[in-house]
Amino acid sequence: MSKYTTALVTGGAGFIGSHIVDALIRRRIKVYVVDDLSTGNAKNVNPNAHFTRMSILNPQFVEYLKRVKPDVIFHTAAQINLRDSVKDPLNDAKINILGSLTIAHVAGQIGVKKIIFSSSGGAMYPESARLPWSEKIIPDPSSPYAISKRSAEMYFHFAYMVHGVQYVALRYANVYGPRQNAKGEAGVISILTSQMLKGKPSTIFGTGKQTRDFIFVEDVVAANIAAMNKKVIGIFNIGTGKETDVNTIFHKLQKLTHAQLPARHEPAAVGEVARSALDARKAREVLGWKPNVKLDEGLERTVRWFGK
Ligand code: NAD
């Protein structure tokens with residue numbers, strides 16, 4: 001049993017948020033979901049959750065928070081697209097900085113005990129640093145998206161220092177799995193899988209030699225639950241520490257989907273790093289968390305879900 005009885009999941013109609021909602025409901029926690037459905041889908045929301053369609057930027061969101069007074073907040077709602085953050089950094093900052101600051105600010109007034117923030121590790125560290133990147137490396141966010149994620153982490157730390165609201169910021173590697181939106185540009189695995197299953201040519205941004213650290217959504221949910229249950233605060237990388245290049249993913253998915261069309265290459269985005277992998281030893285030591293799902297198994301489960 002968890003020591004918390006009510007939770008709010010912002011972005012709970014989204015990919016990662018909806019899986020967190022399911023895990024909380026399995027633990028008999030009363031779950032509230034706020035999502036504006038900008039990239040999420042109401043079908044993802046567990047029917048046992050209390051769902052409100054609303055933007056976290058809506059002034060009524062503050063009233064909502066004061067009424068619901070959750071014990072714990074999982075803040076996953078965000079503008080998640082790195083390319084869009086370059087095109088429209090103001091919109092990115094509104095959602096990712098001001099939205100997060102609203103939560104940090106109000107949480108102190110309404111007695112929220114803990115905030116688990118979905119941050120990002122992929123674009124947070126200087127490219128010149130040795131891989132895999134640990135939290136000890138001083139961040140050097142290379143895109144408006146990464147800048148906004150870093151800013152939010154700092155506001156949550158400030159709220160902890162001033163109001164004592166505990167927080168954990170989880171810096172995810174590249175998350176993949178069932179329910180990931182294949183329409184955006186964020187999840188290469190969901191995009192390639194969906195294109196292949198529809199018999200469309202696959203799009204690869206850049207040469208495909210860029211590497212990423214792919215982590216299955218179930219492992220990310222487990223990290224969120226560990227962050228809720230452990231009496232700790234601070235920043236944790238959540239990844240496997242292993243690099244896989246996009247061309248390798250493409251070939252593995254081709255085998256799983258029996259797709260035959262060659263990939264079409266498009267230019268890489270500004271702010272996209274050539275290589276990335278996260279050192280998650282701190283999460284292992286302090287949260288007692290480690291990744292359990294191997295890439296081949298995760299890809300198979302993802303393809304199976306998209307093929308349904
Ligand atoms: P997602 O798009 O599926 O989920 C985000 C959800 O937030 C969506 O349901 C969307 O409708 C909602 N949302 C967006 N703006 C909102 C607003 N103003 N008010 C209310 N709801 C709003 O994406 P995801 O991959 O599940 O990402 C969840 C979180 O994890 C994000 O904060 C993202 O930055 C972070 N993250 C994801 C990855 C990844 O690889 N998927 C990696 C690092 C960090």
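Position 1 is the first residue of the sequence, and the numbers go up from there. Numbering of ligands and ligand atoms starts at 1, following listing order. Computed over heavy atoms, backbone and side chain alike; hydrogens, waters and symmetry mates excluded.
- Residue Leu37 has at least one heavy-atom neighbour below 4.0 Å for each of these atoms of ligand 1: 11 (O).
- Using a 4.0 Å cut-off between charged side-chain N and carboxylate O, Glu297 and Arg301 make a salt bridge.
- The N/O atoms of Leu57, backbone and side chain alike, include none that comes under 3.5 Å of an N/O atom in ligand 1.
- Every N/O-N/O distance between Ile95 and ligand 1 stays at or above 3.5 Å.
- Of the N or O atoms in Tyr172, none lie within a sub-3.5 Å distance of an N or O in ligand 1.
- Checked for salt-bridge contact, Arg179 and Asp22 meet the test: a charged N lies under 4.0 Å from a carboxylate O.
- Among Lys183, Met124, Lys149, Arg53, the residue whose heavy atom lies closest to atom 32 (O) of ligand 1 is Lys149.
- For ligand 1, the polar-atom distance check against Tyr145 finds a nitrogen or oxygen pair separated by under 3.5 Å.
- Of the N or O atoms in His75, none lie within a sub-3.5 Å distance of an N or O in ligand 1.
- Considering backbone and side-chain atoms alike, Gln79 places every N or O at 3.5 Å or more from each N or O of ligand 1.
- Of the candidates Ser38, Ala13, Ser118, it is Ser38 that places a heavy atom closest to atom 14 (C) of ligand 1.
- Remark: the Tyr32 side chain and the Thr6 side chain contain no N/O donor-acceptor pair separated by less than 3.5 Å.
- The stretch residues 119-131 participates, sequence neighbours left out, in no salt bridge (Lys or Arg N to Asp or Glu O under 4.0 Å) pair at all.
- Applying the side-chain hydrogen bond (donor to acceptor under 3.5 Å, both in side chains) test to Thr211 and every residue at least two apart in sequence or in another chain returns Glu243.
- Heavy-atom contacts of Met54 reach the following atoms of ligand 1: 19 (N), 20 (C) (cutoff under 4.0 Å).
- Between Tyr167 and Phe117, a ring centre-to-centre spacing not shorter than 6.0 Å is recorded.
- Side-chain atoms of Asn96 and Gln79 form no donor-acceptor pair, as typed in the model, at a separation below 3.5 Å.
- Counting heavy atoms closer than 4.0 Å to ligand 1, residue Gln180 contributes side-chain atoms (C-beta onward) but none from N, CA, C or O.
- Residue Ile80 has no N or O atom closer than 3.5 Å to an N or O atom of ligand 1.
- By the 4.0 Å N-to-carboxylate-O rule, Asp245 lies too far from Lys209 to be salt-bridged with it.
- Paired with Thr203 under the rule side-chain hydrogen bond (donor to acceptor under 3.5 Å, both in side chains), one option of Gln195, His265, Glu266 passes, and it is Gln195.
- An N or O contact shorter than 3.5 Å is missing between Val34 and ligand 1 by distance.
- A side-chain hydrogen bond (donor to acceptor under 3.5 Å, both in side chains) with Ser119 is found for exactly one of Arg150, Glu153, Lys149, namely Glu153.
- Between Asp71 and Lys114 there is no salt bridge, since no side-chain N of the basic residue sits under 4.0 Å from a carboxylate O of the acidic one.
- Nearest-heavy-atom check against atom 28 (C) of ligand 1 across Thr76, Thr52, Asp36, Thr39 picks out Thr76.
- Environment of OH in Tyr64: crowded, with over 12 heavy atoms of neighbouring residues, nucleotides or ligands closer than 6.0 Å.
- In the candidate list Gly99, Gly40, Ser55, Ala123, Ser55 is nearest to atom 18 (N) of ligand 1, counting heavy atoms.
- Electrostatic pairing of Arg281 and Asp279 counts as a salt bridge here, judged by a charged N lying under 4.0 Å from a carboxylate O.
- Residue-to-ligand polar distances keep Asn174 apart from ligand 1: every N/O pair is separated by 3.5 Å or more.
- Residue contacts with ligand 1, taken as heavy atom pairs separated by less than 4.0 Å, do not involve Asn96 at all.
- Among the atoms of Ile56, some N or O lies under 3.5 angstrom from an N or O of ligand 1.
- Of all the atoms in ligand 1, the ones that sit under 4.0 Å from a non-hydrogen atom of Ala173 are 40 (O), 42 (C), 43 (C).
- The shell of residues lying under 4.0 angstrom from ligand 1, judged by heavy atoms, includes Ser119.
- Close approach to Gly14 involves these atoms of ligand 1, each under 4.0 Å from a residue heavy atom: 3 (O), 4 (O), 8 (C), 9 (O).
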